[in-house]
Enquirer: 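First, the structure itself, so that you have it in front of you.
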Amino acid sequence: MKGGWFKVYAIGYLVFLYAPIILLPMFAFNDATIIAFPLTGFSTRWFEEMLDKPALTIAVKNSLFIAVTASILSTTLGIFAARASTRYQFPMKAGLMGLIMLPLVLPEIIVAVSLLVVLLGLGVSLSLWTVILGHVLICTPFCIAILSSAFQSLDQSLEEAAYDLGETAASTFRLIILPLVMPGIISSLLISFTISLDEFIIAFFLAGTEPTLPVYIFSQFRFPQAVPVIMALGTVLVVLSIVLLTIAEYFRRRGIAKSGGKDTGGFL
Amino acid sequence: MTEKPTMIAFQDVHKYYGDYHALRGITATIRAGEFFSLLGPSGCGKTTLLRTIAGFEGISSGAVMIDERNMAGVPANQRPTNMVFQSYAIFPHLTVGENVGFGLRRAGLSKPELATRVGEALEMVGLKGYGDRAAHALSGGQRQRVALARALILKPKVLLLDEPLSALDKKMREQMQVELIRLQRQVGITFILVTHDQEEALVMSDRIAVMFEGEITQLADPETLYRRPNSRKVANFIGTMNFLPAMILAEGAGKIEVEAKGFGKLTLDAEQAPGGGQASAEGAAIGFRPETLTILFDGQTASDRETMAVIEEVVYFGDMTYYDVKLDGCDAPVRISMRNVFGRPVLDIGTRTRVAWSPGALVLFR
Amino acid sequence: MGQSRWAKLRQTEGANGLLMISPPAVYAILLLAAPLGTIILYSFLTDGYLEIIRTFTFANYIEAWTNDLYRSVMVRSLGVAMTVTAVTVFLAFPIAYFVSFHVAPSKKSLWLFLITIPFWTSYLIRVFLWKVILGYNGVVNSGLIGIGVIDQPLDFILYNVNSVVITLAHAYAPFAILPIFVALEKIDRSLLEAGQDLGESKFMTFLRVTLPLAMPGVIASVLIVFIPTIGDYVTPQLVGGPEGRMVANLIQLQYLKLDNYPMGSAIAVSAMVIVTIVSLIFVGLNRRYLRGGKR
């Protein structure tokens with residue numbers, strides 16, 4: 001068969017990719033406290049215990065608040081930047097866009113420490129909002145990348161046609177541009193939400209006394225007896241993200257079908 | 001022909017993009033109810049000029065008047081013009097009907113009224129019953145029709161068409177040319193077409209403005225443009241033109257005396273030098289179209305003048321044959337096109353033959 | 001005079017563009033450029049226990065580049081990041097090639113979907129699970145003992161540089177696959193037929209046509225893997241052990257544990273400089289390839 005060896009390799013590679021994720025439910029449903037083989041027996045007690053941890057509930061709430069706020073803010077900033085970069089020529093364009101996209105090529109720890117230094121220097125006390133500031137910074141470049149391709153594929157004569165047919169700049173944006181870039185906006189929201197939800201190092205530096213979910217998980221790794229609960233939590237997160245991704249993929253395909261484009265594949 | 005009232009007037013319109021001088025003093029009028037074309041190679045400013053009428057492009061100086069009203073400060077959405085875009089700009093997220101009715105959103109029509117107007121517009125362009133189709137499922141020709149219906153439904157005074165046929169294949173293009181002419185006669189409004197296809201412009205237009213480098217080089221009806229081009233540039237852009245070096249011997253009293261290679265001494269009407277009195281750097285030349293020369297076969301006699309020539313190259317086109325011939329007394333070959341009438345032979349290279357020509361078909365370029 | 005509103009908008013396109021870009025630009029200037037400027041400033045100051053001493057000095061940099069501990073951590077970070085990048089990109093290329101060339105177009109999105117799913121699960125938990133896989137009583141060791149290959153658990157696979165490399169190579173796999181895949185997808189298939197038509201074997205066509213055209217994607221992968229791995233904190237912290245520590249751990253130590261901001265800043269700036277230099281080298285290579293690729 002054509003590409004037979006490639007297929008064998010590809011399947012091997014997928015096994016490597018999925019190895020940790022396959023282990024996750026094994027330990028989540030395992031009776032033992034120690035995370036090691038052999039497995040001792042089936043149990044759902046870690047899931048029950050998970051629901052019983054007030055600190056975890058707080059961390060989840062904090063993370064959701066941060067992720068929702070950061071994704072909305074970074075997508076909004078991303079719309080401005082994507083529109084500006086695809087539609088206008090202006091002085092210092094390359095420099096400004098470069099600065100905005102910089103977090104993409106900057107190790108996160110540097111974003112974290114530099115923000116920490118400035119915020120402490122200004123006397124700002126660390127809170128969920130300081131985490132949001134950092135997350136918006138690192139999410140915006142991803143939003144711009146997604147939104148730029150959405151704005152780029154927008155034929156400028158569509159805007160002109162609407163304007164020619166009597167619409168104003170504002171109603172053209174509402175009636176033509178917004179519906180056509182909506183799939184991009186939704187992807188942007190989803191991706192920035194996911195990035196923020198999973199981000200550890202900035203939250204670790206900037207969260208102060210209020211832990212986010214990754215900070216909470218990290219702290220629990222120090223206590224071996226707490227780890228099985230984290231495995232249960234991880235299992236829940238995997239299932240949730242697969243469901244979320246499937247929904248996103250469904251909407252993406254529907255969006256493509258609606259605007260008549262061809263499916264070029266790929267969520268990113 | 002009675003002179004129609006003026007619909008659009010350009011008054012010394014200049015347009016700069018930074019240092020680039022895109023429109024260099026355009027002064028012209030376009031009449032009401034006229035099918036007018038802006039013809040020229042890419043980059044000549046024809047699309048820019050069209051967009052100054054639509055209001056998408058501002059002008060640096062001068063004035064654009066539509067129906068005797070200065071358009072300065074009037075935005076595109078308030079001008080009595082509508083446009084058919086090169087890419088058609090059909091809104092992909094709307095149905096055909098929603099696209100066509102897009103501009104009526106602000107008219108405050110009731111639903112049945114709107115449906116009637118949309119239905120009428122679709123019927124006019126031959127898309128009756130397509131209202132509920134998804135716009136993105138249409139073929140190129142259908143998109144073109146939707147774009148036309150969408151622009152015409154607003155009953156503009158002027159319809160602007162930016163290379164509307166360039167995306168279609170040859171057959172579809174010819175069909176749409178005929179339909180556009182029919183549509184223009186039906187609605188009776190001014191159509192302004194931008195095109196780089198000289199044939200398209202000749203077929204469709206009442207008058208054509210030929211543009212080069214931001215200027216209108218010649219503005220005339222198709223026949224005048226073809227028979228009496230006012231410059232070598234126009235002559236070369238529209239059809240094929242043979243040039244032979246010439247010398248002006250004398251002129252006056254509406255006559256010009258010329259000596260041309262291969263043709264000898266001639267007397268032309270002043271009307272045969274439409275380019276006016278300015279001499280060009282290349283020197284004077286006589287120009288003529290390939291079909292204005294005729295090869296005389298055995299037994300034929302010339303109604304006009306006659307000269308001898310040798311055939312250098314033969315290109316067979318089915319309905320036509322092109323001959324490149326050398327006229328006696330002239331080294332540069334000229335092209336002759338002959339219709340392949342039944343029974344007429346195709347001559348071989350090297351044949352010596354008689355050629356007939358008429359002084360009235362010649363054009364003098366100074 | 002004589003201008004439509006649209007014309008005025010056009011003429012001041014620059015102003016409009018600046019207005020449009022200003023919200024994200026102001027945000028980035030205040031929260032990115034200014035803070036980065038601040039740590040660069042700090043890196044030239046001296047830590048005075050309770051306050052920062054405001055005298056200009058290169059001492060932090062001299063310390064960062066001469067102190068054996070600091071230098072070894074930075075060299076190790078660079079080494080780990082380069083190894084991870086090489087391994088990841090090398091392993092990823094065949095996958096991208098397989099999906100682009102051997103998978104039916106209708107199934108491509110499914111494959112990409114499968115490849116990206118693991119990436120959407122918590123990074124921390126994925127890293128921790130590698131600790132489980134590679135640990136003393138982990139999956140690898142119990143498996144190998146179970147089938148009798150070894151009788152003592154291997155101890156060189158956890159809490160050192162090896163485990164850091166394996167874990168990072170896993171974490172950044174999708175990042176490496178996607179840019180290569182995109183580059184391969186863009187290749188006009190008739191070019192490959194032309195290559196074979198002109199007498200090259202399939203393999204030589206791959207070397208002379210496919211590989212050069214895929215190069216921009218490969219270089220994008222290299223950058224996309226290299227930059228985050230060199231600054232990664234979690235993986236060395238969880239699976240690296242004392243000898244697997246990397247520059248991020250050092251920066252964190254200086255800032256949060258030792259409270260030595262100037263020293264931490266000097267190390268952070270040094271790391272940024274290293275990343276920038278390596279990135280510029282690769283961007284330069286990319287440019288050369290792009291220029292070569294233009295007809």
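Just so we're clear, the structure is a prediction, and the values are computed from it rather than from any experiment. Every chain is numbered from 1, with letters handed out A, B, ... down the list of sequences.
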Enquirer: Using non-hydrogen atoms only, which part of Thr76(A) is less than 4.5 Å away from chain C: side chain, backbone, both, or neither?
Expert: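 No part of it gets close to chain C.
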Enquirer: Can Thr235(C) and Thr167(C) be counted as having a side-chain donor-acceptor contact under 3.5 angstrom?
Expert: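 No donor-acceptor contact under 3.5 Å links the two side chains.
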Enquirer: Can you list the steps and then say if Val229(A) with Gln220(A) is a side chain to side chain contact (heavy atoms under 4.5 Å, CB included)?
Expert: CA-CA 9 Å; Val229(A) 175; Gln220(A) 296 300 297; over 6 Å; no
Enquirer: Please classify the contact between Pro23(C) and chain A as side chain, backbone, both or neither, with a heavy-atom cut-off of under 4.5 Å.
Expert: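 For Pro23(C), the contact with chain A is made by backbone and side chain together.
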Enquirer: Is it the side chain or the backbone of Tyr97(C) that comes within 4.5 Å of chain A heavy atoms, both, or neither?
Expert: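 Side chain only.
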Enquirer: Looking only at atom types and distance, does a side-chain atom of Ser192(A) sit under 3.5 Å from a main-chain N or O of Ser188(A), one as donor and one as acceptor?
Expert: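 Indeed, once roles are kept as given, a pair shorter than 3.5 Å links the two residues.
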Enquirer: Which one wins on heavy-atom pair count under 4.5 Å against chain C: Leu96(A), Val238(A), Ile110(A)?
Expert: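 Ranked by heavy-atom pairs under 4.5 Å with chain C, first place is Ile110(A).
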Enquirer: Quick one: what part of Thr38(C) sits under 4.5 Å from any heavy atom of chain A, side chain, backbone, both or neither?
Expert: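 For Thr38(C), side-chain heavy atoms alone lie under 4.5 Å from chain A.
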Enquirer: Hey, are Thr168(A) and Tyr163(A) close enough side-chain-wise for a donor-acceptor pair under 3.5 Å?
Expert: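 There is no such pair between these side chains.
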Enquirer: Counting only heavy atoms not in Phe80(A), do more than 12 sit closer than 6.0 Å to its CZ atom?
Expert: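 At most 12 heavy atoms, drawn from other residues, nucleotides or ligands, come within 6.0 Å of this atom.
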Enquirer: With only heavy atoms counted, which part of Glu108(A) is less than 4.5 Å from chain C, the side chain, the backbone, both or neither?
Expert: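 Interface part for Glu108(A): neither.
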Enquirer: Using a cut-off of under 4.5 Å on heavy-atom pairs, state which of Ser114(A), Ser241(A), Gly121(A) scores highest against chain C.
Expert: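 Max contact count across the listed options: Ser114(A).
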Enquirer: Using a cut-off of under 4.5 Å on heavy-atom pairs, state which of Trp111(C), Trp130(C), Tyr27(C), Tyr233(C) scores highest against chain A.
Expert: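 Among the listed options, the one with the most contacts to chain A is Tyr27(C).
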Enquirer: Quick one, Pro103(A) and Leu32(C) - any side-chain contact, counting heavy atoms below 4.5 Å?
Expert: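 Yes, side chains in contact.
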Enquirer: Considering only distance and modelled atom types, tabulate donor-acceptor pairs under 3.5 Å from the side chains of residues 262-270 of chain C, sequence neighbours left out.
Expert:
from      : atom 1 : to        : atom 2 : distance (Å)
Ser265(C) : OG     : Tyr255(C) : OH     : 2.7
Ser265(C) : OG     : Tyr261(C) : O      : 2.8
Ser270(C) : OG     : Trp65(C)  : NE1    : 3.2
Ser270(C) : OG     : Ala266(C) : O      : 2.7

Enquirer: With only heavy atoms counted, which part of Ala92(C) is less than 4.5 Å from chain A, the side chain, the backbone, both or neither?
Expert: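 For Ala92(C), backbone and side chain are both near chain A.
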Enquirer: Mind checking salt bridge (charged side-chain N to carboxylate O under 4.0 Å, His left out) for Arg245(C) and listing every partner two or more places apart, or none if nothing turns up?
Expert: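 Once residues adjacent in sequence are excluded, Arg245(C) has no partner under the salt bridge (charged side-chain N to carboxylate O under 4.0 Å, His left out) criterion.
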Enquirer: Which of parallel (below 30°), tilted (30 to 60°) and perpendicular (above 60°) describes Phe218(A) and Phe200(A)?
Expert: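 Ring orientation, 0 to 90° scale: tilted.
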Enquirer: Under 4.5 Å, counting heavy-atom pairs only, tell me which of Pro118(C), Gly231(C), Ala248(C) racks up the most with chain A.
Expert: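 When all of Pro118(C), Gly231(C), Ala248(C) are compared, Pro118(C) has the most.
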Enquirer: Please flag which part of Leu99(A) lies under 4.5 Å from any non-hydrogen atom of chain C: side chain, backbone, both or neither.
Expert: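 Both parts, heavy atoms under 4.5 Å.
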Enquirer: Backbone N or O of Tyr216(A) within a donor-acceptor pair of the Ser219(A) side chain at under 3.5 Å?
Expert: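 A pair under 3.5 Å: yes.
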Enquirer: Hey, does the side chain of Thr130(A) reach the backbone of Leu206(A) with a donor-acceptor pair shorter than 3.5 angstrom?
Expert: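 Yes; judged by distance alone, with no hydrogens or angles, the pair exists.
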Enquirer: What part of Leu19(C) gets closer than 4.5 Å to chain A, counting heavy atoms only: side chain, backbone, both or neither?
Expert: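 Nothing of Leu19(C), per the 4.5 Å heavy-atom cut-off to chain A.
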Enquirer: Ignoring hydrogens and angles, state whether a donor on the side chain of Thr229(C) or Asp232(C) is under 3.5 Å from an acceptor on the partner side chain.
Expert: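 Judged by distance alone, the side chains do not pair up.
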Enquirer: Taking every heavy-atom pair that is under 4.5 Å apart, which of Ile242(A), Val227(A), Ile230(A) has the most such pairs with chain C?
Expert: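 Between Ile242(A), Val227(A), Ile230(A), the count favours Val227(A).
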Enquirer: Would you mind checking which part of Leu17(A) comes under 4.5 Å of any heavy atom in chain C, side chain (CB onward), backbone (N, CA, C, O), both or neither?
Expert: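 Contact with chain C involves both backbone and side-chain atoms of Leu17(A).
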Enquirer: Below 4.5 Å, heavy-atom pairs only: which of Val234(C), Ile251(C), Leu91(C) has the largest tally toward chain A?
Expert: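 That would be Leu91(C).
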Enquirer: Heavy-atom pairs under 4.5 Å with chain C are the metric here; pick the option from Leu133(A), Thr140(A), Leu106(A), Leu14(A) that has the most.
Expert: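 The candidate making the most pairs under 4.5 Å is Leu133(A).
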Enquirer: Does any backbone or side-chain atom of Gln252(C) lie under 4.5 Å from a heavy atom of chain A? Answer side chain, backbone, both or neither.
Expert: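 Both parts, backbone and side chain.
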Enquirer: At a heavy-atom distance under 4.5 Å, which candidate from Pro94(C), Ser22(C), Ala25(C) has the highest pair count against chain A?
Expert: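 Counting heavy-atom pairs under 4.5 Å, the top option is Pro94(C).
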Enquirer: Looking only at heavy atoms, what is the nearest atom pair of Thr235(A) and Ala28(A), with distance?
Expert: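 In this case the closest contact between Thr235(A) and Ala28(A) is OG1-CB, 3.3 Å.
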Enquirer: Could you tell me which of Ala82(A), Pro91(A), Gly134(A) has the largest number of non-hydrogen atom pairs under 4.5 Å with chain C?
Expert: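 Of the candidates given, the most pairs with chain C belong to Pro91(A).
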Enquirer: Hey, which of Ala15(C), Ala271(C), Gly17(C) has the most heavy atom pairs under 4.5 Å with chain A?
Expert: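 Ranked by heavy-atom pairs under 4.5 Å with chain A, first place is Gly17(C).
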Enquirer: Answer with side chain, backbone, both or neither: which region of Leu122(A) has an atom nearer than 4.5 Å to a non-hydrogen atom of chain C?
Expert: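 Contact with chain C involves no heavy atom of Leu122(A) at all.
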Enquirer: Between Thr172(A) and Glu159(A), is there a side-chain donor-acceptor contact under 3.5 Å, judged purely by atom types and distance?
Expert: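 No, no side-chain donor-acceptor pair sits under 3.5 Å.
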Enquirer: Tell me, side chain or backbone of Ile39(C) under 4.5 Å from chain A's heavy atoms, or both, or neither?
Expert: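 For Ile39(C), side-chain heavy atoms alone lie under 4.5 Å from chain A.
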Enquirer: Name the option with the most non-hydrogen atom pairs under 4.5 Å to chain C; the candidates are Gly78(A), Ser85(A), Ser74(A), Pro107(A).
Expert: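 Of the candidates given, the most pairs with chain C belong to Pro107(A).
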Enquirer: Contact part of Leu238(C) toward chain A, heavy-atom cut-off under 4.5 Å: side chain, backbone, both or neither?
Expert: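 Only the side chain of Leu238(C) comes within 4.5 Å of chain A.
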Enquirer: At a heavy-atom separation under 4.5 Å, does Ile29(C) approach chain A through its side chain, its backbone, both, or neither?
Expert: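 Its backbone and side chain both get close to chain A.
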Enquirer: At a 4.5 Å cut-off on heavy atoms, which part of Leu124(C) comes close to chain A: side chain, backbone, both, or neither?
Expert: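 Both the backbone and the side chain of Leu124(C) come within 4.5 Å of chain A.
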Enquirer: Nearest 0.5 Å, please: how far is OH in Tyr172(C) from CZ in Phe175(C)?
Expert: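 Atom-to-atom, Phe175(C):CZ and Tyr172(C):OH are 6.5 Å apart.
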